[in-house]
Structure formats: C-alpha cells, structure tokens
Amino acid sequence: MASASVGTAVALGILAILCFGNSLFGELVWDDIPAIVENGDVLGTTGSARVLLAHDFWGHTLASNTSHKSWRPITTLTFRVQHAMHGLTA
C-alpha cells in the first residue's frame, strides 16, 4: 500500500517536471512587468512590508481610483522575498 503511494507521488512529480520544467528558465512577460518588475511593493521601494496590506497586486493604493482592487498580499510578499534573495534573475 505504501509503495503504491510512493509510486503515485513519483509519477506526479515527473509529470509536473515534464509539464512545467521549461518555464523555470523563461523570461518575465506580459503582466509580469507591471506586477513584478515595476512594482515598488515587490522591489521594496515603498517601505515596510506593511504597505502590502494597503496596496493591490499591482502596487496601487486600494483606495485609489486606478486600483482594480485585486488584493493579493501573500503573493506580493512571496515576490518581495524572492526579489530580496535573488533579484529579478530568479
């Protein structure tokens, strides 16, 4: 029984690598530019991580008319941590 679970996990891992492995070395495209490259919340230029609670996914203040209210602070925080560790090359 346990070997079937291990075999299933290994098969799923191989399938995931085959499906998504080529994306590991891709460039940032489309909405990655405003969401990551031009986002002060990700780059750490807007101050402490507390601003993530007041800004939308794109780095605009939630109360602003330019914000479309897509609030994803955990996603933005993970981008910020990755940027702090690897810059824009990861």
Side-chain angles (χ1 to χ4, degrees):
M1 181 86 170
S3 63
S5 297
V6 171
T8 301
V10 169
L12 286 174
I14 290 171
L15 183 62
I17 290 169
L18 290 174
C19 290
F20 300 106
N22 64 340
S23 68
L24 295 175
F25 304 102
E27 296 179 17
L28 297 172
V29 296
W30 303 106
D31 63 348
D32 297 336
I33 304 303
I36 299 171
V37 177
E38 298 172 351
N39 189 339
D41 292 342
V42 172
L43 302 177
T45 59
T46 58
S48 74
R50 294 187 71 195
V51 298
L52 302 179
L53 300 176
H55 289 177
D56 66 10
F57 180 70
W58 309 100
H60 300 109
T61 304
L62 284 168
S64 170
N65 289 337
T66 61
S67 170
H68 62 67
K69 314 300 188 238
S70 62
W71 190 64
R72 303 177 202 160
I74 295 175
T75 302
T76 307
L77 179 63
T78 62
F79 289 162
R80 187 174 186 151
V81 169
Q82 290 174 12
H83 178 267
M85 291 171 50
H86 306 288
L88 293 173
T89 61

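Nothing fancy with the numbering, it's 1 onward along the sequence.
- Separation of atoms CG (L52) and OG1 (T46) is listed at 6.5 Å; rounding is to 0.5 Å.
- Between atom CD1 of residue I36 and atom CZ of residue R80 there is a gap of 14.0 Å, rounded to the nearest 0.5 Å.
- Although no hydrogens or angles enter the test, the distance criterion places no donor-acceptor pair under 3.5 Å between the side chain of T61 and the main chain of A63.
- Note that CG of L88 and NE2 of H83 are 4.0 Å apart. Values are rounded to the nearest 0.5 Å.
- The distance from the CZ atom of R72 to the OG1 atom of T78 is 11.5 Å, given to the nearest 0.5 Å.
- Environment of CD1 in I74: sparse, with no more than 12 heavy atoms of neighbouring residues, nucleotides or ligands closer than 6.0 Å.
- The environment of CG in N65 is sparse: at most 12 heavy-atom neighbours from other residues, nucleotides or ligands sit within 6.0 Å.
- Donor-acceptor pairing under 3.5 Å is lacking for the side chains of D56 and S70.
- Side-chain contact between V37 and D32 is absent, with no heavy atoms from C-beta onward closer than 4.5 Å.
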Check: Please walk me through it: do N39 and F79 pass side chain to side chain contact (heavy atoms under 4.5 Å, CB included)?
Finding: CA-CA 10 Å; N39 189 339; F79 289 162; over 6 Å; no
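- Listed for the W71 side chain is a donor-acceptor partner under 3.5 Å among the backbone atoms of L53.
- Here the CH2-NZ distance, from W58 to K69, works out to 14.5 Å after rounding to the nearest 0.5 Å.
- For the atom pair C19 SG and I14 CD1, the distance stands at 12.0 Å (nearest 0.5 Å).
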